[in-house]
Visitor: 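The structure under discussion is supplied below as C-alpha cells; questions concerning it will follow.
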Amino acid sequence: MSTFKAPKGTYDLLPPDSAQFLAVREAIAAPLRNSGYGYIETPGFENVELFARGVGESTDIVTKEMYVFETKGGDRLALRPETTAPVLRAVLEANLHKAGNLPVKVWYSGSQYRYERPQKGRYRHFSQVGAEAIGAEDPALDAELIILADQSYRALGLQNFRILLNSLGDKECRPVYRAALQDFLRGLDLDEETLRRAEINPLRVLDDKRPEVQKQLTDAPLLRDYLCDACKTYHEEVRELITAAGVVFEDDPKLVRGLDYYTRTTFEFVHDGLGSQSAVGGGGRYDGLSEMIGGPSLPSVGWALGVDRTVLALEAEGIELDIPSATSVFAVPLGEEARRVLFSKVTELRKNGVAADFSYGGKGLKAAMKAANRSGARYALVLGERDLAEGVVQLKDMESGEQTAIGVNEIVAELESRLG
Ligand code: HAM
C-alpha cells in the first residue's frame with residue numbers, strides 16, 4: 001500500500017466494477033442522444049459567484065458544501081457542486097440561445113464536488129449524468145425529460161424506484177405562498193436556526209427530516225393550494241403527458257429541492273432500497289436562472305441522475321448488468337520469437353477491430369492461460385516453438401476447450417469469421 005489514501009468521502013472506481021459505472025452512464029445517455037440532446041462539457045470549476053447566485057446564497061450547497069479556493073491570480077473559484085448553472089453559463093457565453101433554435105438541448109456526464117458528511121450513497125466526489133433543455137416553456141419538454149429518465153432506469157432493469165412530482169409555482173404565486181408559510185412557521189416551536197431558515201428560505205423547512213419538526217408541519221399550507229391559474233394549467237398538462245406515456249408518478253406536494261433556482265415542475269427519483277440517501281436523481285424547471293446569472297429570460301428544465309446511487313440501486317435490486325467481456329482474443333506466446341510474431345498479429349487484430357490482449361512478462365503456459373481465463377476472452381491463441389517452426393498457431397475455444405491448429409497467416413481472417 002502507498003502512504004496515501006483516497007481523500008475522505010471519495011472512492012476509486014476500479015475494474016471490473018468500473019464497467020458497471022460506464023454501463024450506467026451509457027444507459028442514461030442513450031435515450032438522450034436519441035432525443036436530440038447534444039453532448040456538452042464544461043470545466044470542473046467555475047467562478048464561485050455563479051453558484052452563489054445560481055444555486056442560492058441560502059442553500060446548504062453554497063453555504064456549507066462548496067470547495068472554494070483562490071487562484072494565484074486572485075480569482076475565487078469553486079469546484080462545481082452541480083452542473084446546471086455551468087451549462088447555462090456556457091450556453092449564454094457561446095450565444096447558443098441566439099442561433100434561433102430553441103430549446104438548446106444538451107446532456108453532460110461528469111464529476112461533482114460537495115463537502116458533505118460522507119455516508120453510504122453520499123460522497124464528496126460523485127458523478128452525475130444530466131440533461132438540460134434551455135429556452136422553451138412547454139409542458140411537453142418537462143414531460144420528455146421525465147419520460148427519458150424513466151426510460152433509462154427501466155432499460156437498466158430497475159423497478160423499485162418512484163417518481164415524486166410537484167410544482168413550485170412561479171414568481172406570481174410563490175411569494176404569496178411563501179408569506180403564508182412563513183406566517184405558519186412563526187407560530188411553531190422551532191429552534192433558532194430553523195426559525196432563521198424560515199425567514200430566509202421557508203420552503204426548505206418543509207424538507208427538514210427531524211420528526212419533531214415534521215410533526216409540526218402536518219397542517220402547513222401547501223403550495224398546491226396557492227398555484228396561480230397559469231401554473232396550475234401547466235402542471236396539469238405535464239401530469240397528463242407523462243401519464244399518457246405510461247410513466248407512473250406520485251404527487252408530492254411537500255417536495256422541495258435543495259437548490260433555489262427551481263420554478264414550477266420539480267421532481268425527484270427515489271429508490272426504496274437505499275436507506276436515507278434515497279434520491280437517485282432530481283430536477284425541474286428553472287425559468288429564472290438565466291436572469292439570475294445576468295442573461296435574458298430563458299425558461300428551462302433539466303435533471304441530473306446520480307451515477308453512484310444508480311449503481312447502488314442496481315446492487316440493492318440484485319441486478320448485474322450483462323457486460324460483454326472487453327477482450328475477444330488473448331494471445332499467449334511461448335518464447336522470444338513467438339512473442340515477436342504474436343505481438344504483431346495482436347496489433348493487426350486490433351487494427352481490424354478485434355478486441356485482443358496479450359500475455360506480457362514472459363509468463364509460462366499455465367500462468368498465461370490463467371490470465372486468458374480472467375480476461376474473459378472467447379479465444380486464446382497459443383504459439384509455441386514447435387508451432388512456430390510449422391507456421392501454425394493453436395487456436396483454443398475457451399468455452400468448449402476445443403483446440404485447432406491454424407496457419408499463422410490465417411489468424412486475422414479466421415478470428416474475424418469466428419467472431420462474426
Ligand atoms: P441534485 O438533486 O442536487 O440536483 O443532485 C442530483 C443527484 O445527484 C441526486 O439525486 C443524487 O443522486 C446525486 N447526488 C447529489 N449529491 C450527492 C452526493 N453527495 N453523493 C452522491 N450522489 C449525490 C442537481 O444537482 C441539479 N443540478 C439537477 C438539475 C439539473 N436540475 C435541473 N437540471
Side-chain angles (χ1 to χ4, degrees), residues 8-11 13 21 24-25 28 32 37 40 42 46 50-51 54-56 59-62 64-67 79-89 91 103-134 141-142 144-146 148-149 152-153 158 161-164 166 168 204 207 255-271 274-290 298-314:
K8 186 173 173 189
T10 72
Y11 63 99
L13 275 182
F21 275 76
V24 164
R25 286 196 183 117
I28 301 173
L32 295 168
Y37 289 76
I40 188 169
T42 61
E46 297 274 350
L50 173 67
F51 301 112
V55 176
T59 58
D60 282 353
I61 293 183
V62 168
K64 300 181 190 158
E65 296 169 4
M66 274 204 297
Y67 285 87
L79 297 186
R80 65 175 172 212
E82 66 104 48
T83 299
T84 306
V87 162
L88 192 50
R89 193 268 308 138
V91 165
V104 176
K105 301 207 293 186
V106 287
W107 73 276
Y108 54 87
S109 171
S111 299
Q112 320 291 324
Y113 307 86
R114 295 184 193 175
Y115 189 76
E116 295 201 71
R117 202 161 41 78
Q119 67 177 89
K120 183 157 188 191
R122 188 165 67 197
Y123 309 107
R124 291 180 173 174
H125 168 262
F126 59 97
S127 167
Q128 290 180 341
V129 174
E132 314 290 350
I134 292 162
L141 204 49
D142 308 39
E144 166 174 291
L145 279 160
I146 295 171
L148 292 175
S152 54
Y153 274 179
L158 288 168
F161 67 90
R162 291 177 292 131
I163 303 174
L164 311 178
N166 193 18
L168 289 182
R204 295 288 308 144
D207 206 26
L255 177 74
V256 287
R257 307 253 308 121
L259 306 91
D260 277 353
Y261 49 60
Y262 291 111
T263 49
R264 292 196 168 171
T265 314
T266 41
F267 49 88
E268 222 156 68
F269 283 67
V270 293
H271 192 276
L274 296 187
S276 66
Q277 301 309 309
S278 62
V280 282
R285 196 152 261 291
Y286 47 95
D287 293 342
L289 180 56
S290 173
L298 278 177
S300 308
V301 56
W303 50 243
L305 304 186
V307 178
D308 311 68
R309 287 188 196 168
T310 304
V311 170
L312 290 174
L314 289 171

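Everything numeric here is computed off the predicted structure, so don't read it as measured data. Start at 1 with the first residue, then count along the sequence. Note that ligands are numbered from 1 as they come in the structure, with each ligand's atoms numbered from 1 the same way. Reckoned from all heavy atoms, side chains included, excluding hydrogens, waters and symmetry mates.
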Visitor: Please report the shortest heavy-atom distance between Ile134 and Ser300, naming the atom on each side.
Guide: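 Heavy atoms of Ile134 and Ser300 come nearest at CA-OG, 3.3 Å.
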
Visitor: Please list, by chain and number, the protein residues whose heavy atoms come under 4.0 Å of ligand 1.
Guide: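 Shell around ligand 1 (4.0 Å, heavy atoms): Glu82, Thr84, Arg114, Glu116, Gly121, Arg122, Tyr123, Phe126, Gln128, Glu132, Arg257, Leu259, Tyr261, Tyr262, Ala279, Val280, Gly281, Gly282, Gly283, Gly284, Tyr286, Gly302, Trp303, Ala304, Gly306, Arg309.
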
Visitor: Listed by chain and number, what are the ring pair (Phe, Tyr, Trp, His ring centres under 6.0 Å) partners of Tyr261, not counting sequence neighbours?
Guide: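 Ring pair (Phe, Tyr, Trp, His ring centres under 6.0 Å) list for Tyr261, sorted by chain: Tyr286.
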
Visitor: List the residues meeting side-chain contact (heavy atoms from CB on, under 4.5 Å) with Asp308, not counting sequence neighbours, and say none if there are none.
Guide: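 Asp308 satisfies side-chain contact (heavy atoms from CB on, under 4.5 Å) with Tyr11, Phe21, Tyr123, Phe126, Ser127 only.
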
Visitor: Partners of Lys64 by salt bridge (Lys or Arg N to Asp or Glu O under 4.0 Å), sequence neighbours excluded?
Guide: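 Salt bridge (Lys or Arg N to Asp or Glu O under 4.0 Å) check on Lys64 returns Asp60.
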
Visitor: Does a side-chain heavy-atom distance below 4.5 Å link Gln112 with Leu79?
Guide: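 Side chain of Gln112 against side chain of Leu79, heavy atoms only: no contact under 4.5 Å found.
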
Visitor: Do His271 and Phe161 have ring centroids that are under 6.0 Å from one another?
Guide: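 They do not qualify: ring centres at least 6.0 Å apart.
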
